[in-house]
Protein chains: 2
Amino acid sequence: MFNHAKTRQQRSIPAIGEERAAEVADLFRLLGDTTRLRIVLACLEAPVSVSEIATRLDLSLSLVSHHLRLLRAAHIVRAERQGKQVFYSAADDHIRGLIADMVDHVSETRSEDEHV
Amino acid sequence: MFNHAKTRQQRSIPAIGEERAAEVADLFRLLGDTTRLRIVLACLEAPVSVSEIATRLDLSLSLVSHHLRLLRAAHIVRAERQGKQVFYSAADDHIRGLIADMVDHVSETRSEDEHV
DNA sequence: CGCATGATTGAACATTTGTTCAAAAGTTAT
DNA sequence: ATAACTTTTGAACAAATGTTCAATCATGCG
């Protein structure tokens, strides 16, 4: 159970309290780069190797690895070695939900803009 | 109902499709700055004026205004003038849900780290 | 009108951050 | 051990971004 939105009241968010604000912002920032987000999206469905990500997204091996290091440190993706290759996948379903929600928001924002 | 996580299947996110990746990343990036996120948090409960935000967060009026302009452009906050003051509030409940979810993720990640 | 208050804007500065390149580390096979 | 392949790492560069300061706009009041 990764998401409890339906059980949340309208005005919840119980005092995120300044301290954690920085940590939360760090998470958002990591998903806030197009290249990095595309890499996460590539890891969302099934585990993929670094070279496959690089090929599919047309990025250098080095760049992909750099980004994956950051994503791994933030527990957004998980790494699993299998022979010479390292396969990456989304750390949990939480990530999936978060991204899906943001996509929804973008869609809604768009349709709002249209008939204004 | 801003969040449909529970009704989402494991492997959803129907091909966010490269195009929208940039838009989604833009949204994430806006929430990925600590100062800006604190400002959003301040607008979450009830409408607040620019000067009140600046005072409560100990930031310059100018800085707050700059950030609010970006947040407004992305439909994350709404502005409403009332006399000399301008009150800002969260654009919709979607935003609330997104932030709450991210806070959850940080919390979970933390507890994972603890007993590892 | 002239003045005070509140908010916005633009340009300059200071950091941060993404990207590249070359080198190194880990793995498997010959 | 050498060689081929995959991934990681570090330093250097280039570009984007947050912050500040001063000036301007907007609103309400004496």
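Each chain gets a letter, A, B and so on, in the order the sequences are listed, and its residues count up from 1.
Rounded to the nearest 0.5 angstrom, B/Arg56 CZ and B/Leu41 CG are separated by 10.5 Å. Residue A/Arg72 holds its CZ atom at 11.0 Å from SG of A/Cys43, rounded to the nearest 0.5 Å. Between A/Ile39 atom CD1 and A/Leu71 atom CG the span is 6.5 Å, to the nearest 0.5 Å. A/Leu44 CG to A/Asp93 CG: the interatomic distance, rounded to the nearest 0.5 Å, is 9.0 Å.
Each end of the helix from C/dC1-D/dG30 to C/dT30-D/dA1 yields a helix axis from five base pairs, and these two axes differ in direction by 20° (to the nearest 10 degrees).
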Could you go through nucleotides 6-10 of chain C and list every protein N or O atom that sits under 3.5 Å from one of its N or O atoms, giving the distance for each pair?
residue, atom, partner, partner atom, Å
C/dA7, OP1, B/Val50, N, 3.3
C/dA7, OP1, B/Val86, N, 3.3
C/dA7, OP2, B/Ser51, N, 2.8
C/dA7, OP2, B/Ser51, OG, 2.9
C/dT8, OP1, B/Tyr88, OH, 2.6
C/dT8, OP2, B/Ser65, OG, 3.0
C/dT8, O5', B/Ser65, OG, 3.3
C/dT9, O4, B/Ser62, OG, 2.8
C/dG10, O6, B/His66, NE2, 2.8

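A/Asp92 places a side-chain N or O within 3.5 Å of a backbone atom of A/Ile95 that can act as its donor or acceptor partner. When atom types are taken as modelled, the side chain of A/Arg20 and the backbone of A/Ala22 share no donor-acceptor pair closer than 3.5 angstrom.
Taking a 4.0 Å limit (strictly below) on heavy-atom distances, residues 30-38 of chain A does not reach DNA chain D anywhere.
Going from atom CG of B/Leu59 over to atom C1' of D/dC21 covers 16 Å, rounded to whole Å. Note: CG (B/Asp26) to C1' (D/dT17) measures 13 Å, nearest angstrom. Rounded to a whole Å, the CD atom of A/Glu80 is 16 Å from the C1' atom of D/dT7.
At the phosphate of D/dT19, OP1 or OP2 sits under 4.0 Å from a side-chain N or O atom of B/His67.
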